[in-house]
Protein chains: 2
Amino acid sequence: MAVSGFDAQRDRLLEGLHGHALAYSELGRQFGAALGLHVTEANALIEILGAQDRGLALTQSALAQRVGLTAGATSSLISRLEAAGHIRRVRDTTDRRVVTVHANASVDARLHEFFDPLVERLSAVLSRYPPDLLAECDRLLTEVGATMNDYSREQR
Amino acid sequence: MAVSGFDAQRDRLLEGLHGHALAYSELGRQFGAALGLHVTEANALIEILGAQDRGLALTQSALAQRVGLTAGATSSLISRLEAAGHIRRVRDTTDRRVVTVHANASVDARLHEFFDPLVERLSAVLSRYPPDLLAECDRLLTEVGATMNDYSREQR
DNA sequence: CCCAAATAGTTACACGGTCAAACTATCAAG
DNA sequence: CTTGATAGTTTGACCGTGTAACTATTTGGG
C-alpha cells in the first residue's frame with residue numbers, strides 16, 4: 001500500500017515535471033515565432049539572454065551544449081542571430097580561442113515583454129505557498145535536476 | 001526584505017524548473033541517438049510511448065501539438081517512425097478522419113531500458129522526502145504548469 | 001435528405017538548418 | 001620550440017519542416 005501509493009505519487013511528480021518541460025518548450029517556440037526565429041534559434045536566444053540576465057556571458061561551446069548542437073551548427077546559428085541583429089560575438093581576451101555571445105538590449109526587452117507577465121502570474125501562484133515549502137520544493141527540484149544531469153553524463 | 005527574499009526564492013524555483021527542462025531535453029536526445037533518431041523523432045516517440053504506458057493512444061493532431069509541428073511535418077515524421085518499425089498508424093473506428101499512433105513492444109522495452117534506471121534513482125531521491133511534502137510539491141507543480149499552459153494558450 | 005463548412009490527415013516541393021569533415025587559430029605542457 | 005589539445009569557422013550534402021493544395025470524413029442547418 002505505502003509502496004504503491006509512493007509509486008503513484010512519484011509518477012505524478014515526474015509527470016508534472018514532464019508537463020512543465022513541454023510547456024516551456026511551447027513558450028520558447030512562441031517567443032521565437034514573435035521574432036521570426038526558428039525553434040533552435042529561439043532556444044539559443046533564450047539561453048543567451050537568461051545567462052546575461054544573471055550577469056554571465058555564454059561561450060559558444062557552452063551554448064552548443066545547452067541547445068544540443070555541434071560546434072559547426074552552433075557557429076552557423078550564432079551567425080544567423082548576429083545577422084538578424086539580436087546578438088554579437090566577442091572574442092575573449094584571456095583566451096583568444098574563446099568566443100562569448102552577447103545579446104542586444106532591444107532583444108532583452110522583447111524577452112521581458114514576453115515572459116514578465118507570466119512570471120507575475122507564477123509569482124502570484126507561488127506566493128500562496130508558505131516560504132518553507134517553497135524552499136523544500138526548491139531543494140527537491142535541485143536534487144532531481146542533479147540526478148538527471150548525472151545520469152545523462154553517464155550515457156555519453 | 002520579505003519581498004526581495006520571495007523574489008529570489010521564486011527565481012531559484014523557476015531556474016530549477018528550467019534546468020529540469022534542459023536535462024529532460026538532453027535525455028531525449030540521448031535516447032534518440034541510441035535508436036538512430038533525429039531530435040524531433042525521439043521527442044515524438046517518447047510522447048507516443050508515454051501516452052501508451054498510461055493506457056492512451058495519441059492522435060496525430062495531439063502528437064503534433066505536443067512536439068510543436070504542423071500536420072504535414074507530423075505526418076511525415078510518423079511515416080519515418082513507421083518505416084523504422086517503431087510505430088504504426090491505426091485509423092479510428094468512431095471517426096474515420098482520425099489516426100492514432102501505436103508504438104511497438106520492442107521500442108517500449110528500449111524506452112524502459114533507458115529510463116527505468118533513472119526513475120529508480122529519482123525514486124530514491126524522492127523517498128527521502130515526507131509524503132505530505134511530495135503531495136504539496138506535486139500540487140505546486142501542477143499549478144505552475146497550468147499557469148504556463150494558460151498563458152501559452154493566450155499567446156496563440 | 002442534401003449541401004456547405006469544418007475537421008483530420010496526406011502529398012509534393014522548395015528552403016534552409018544541421019552534421020561531419022577539414023580547416024585555422026590559440027593555448028598548454030614537456 | 002614543438003606537439004597535442006582545445007575553440008571555433010567553413011563547406012557541402014542530406015533531409016526535416018512549413019506551406020499549399022489536396023482527399024476523406026463529419027457535423028450542422030435548412
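Below, chain A is the first sequence line, B the second, and so on; all start at residue 1. A quick note: this is a predicted structure, and the numbers were derived from the prediction, not measured.
Atom C1' of nucleotide dG8(D) and atom CG of Leu81(A) are separated by 16 Å, given to the nearest angstrom. Counting to the nearest Å, the C1' atom of dA7(D) and the CZ atom of Arg91(A) are 8 Å from each other. Distance His38(B) NE2 to dG16(C) C1': 12 Å, rounded to the nearest Å. The distance from atom CD of Glu82(A) to atom C1' of dT9(D) is 13 Å, rounded to the nearest whole Å. Separating the CZ atom of Arg29(B) from the C1' atom of dG16(D) is a distance of 16 Å, rounded to the nearest angstrom. Distance, Leu37(B) CG to dC15(D) P: 14 Å, rounded to whole Å. Put simply, CG on Asp95(B) is 12 Å from P on dT7(C), counting in whole angstrom units. dA25(C) atom C1' lies 14 Å from atom CD of Gln60(A), rounded to whole Å.
Using a 4.0 Å heavy-atom criterion, one finds that Leu69(B) contacts the sugar-phosphate atoms exclusively. Across all strands, Ser76(B) comes closer than 4.0 Å to base atoms (heavy-atom distances).
If you find the closest nucleotide of DNA chain C to Gly72(A) and to Thr93(A), the one lying nearer the 5' end belongs to Gly72(A).
Phosphate contact (OP1/OP2 of dT9(D), side-chain N/O of Arg89(A), threshold under 4.0 Å): present. The phosphate of dT18(C) (OP1 or OP2) has a side-chain N or O of Thr40(A) nearer than 4.0 angstrom. Look at Thr70(B) and you won't find any side-chain N or O under 4.0 angstrom from OP1 or OP2 of dT19(D). For the pair Thr74(A) and dG8(D), the criterion of a side-chain N or O lying under 4.0 Å from OP1 or OP2 is not met. Here Arg96(A) does not reach the OP1 or OP2 of dT24(C): none of its side-chain N or O atoms lies under 4.0 Å away.
Residue Gln30(A) places its CD atom among more than 12 non-hydrogen atoms of other residues, nucleotides or ligands, all under 6.0 Å distant. Environment of CD in Gln65(B): sparse, with no more than 12 heavy atoms of neighbouring residues, nucleotides or ligands closer than 6.0 Å.
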Check: salt bridge (Lys or Arg N to Asp or Glu O under 4.0 Å) between Arg12(A) and Glu15(A): does it pass, once the steps are laid out?
Finding: CA-CA 5 Å; Arg12(A) 274 196 300 272; Glu15(A) 194 52 42; over 6 Å; no
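Distance from the side chain of Ser75(A) is smallest to dT10(D) among dG18(D), dT18(C), dT10(D). In this structure, of dC27(C), dA6(C), dT9(D), it is dA6(C) that holds the atom nearest to the side chain of Arg97(B).
Here Gln9(B) contributes atom CD and Asp132(A) contributes atom CG; the two are 10.0 Å apart, rounded to the nearest 0.5 Å.
A donor-acceptor distance shorter than 3.5 angstrom exists from the side chain of Thr142(A) to the backbone of Asp138(A), with no hydrogens or angles considered.
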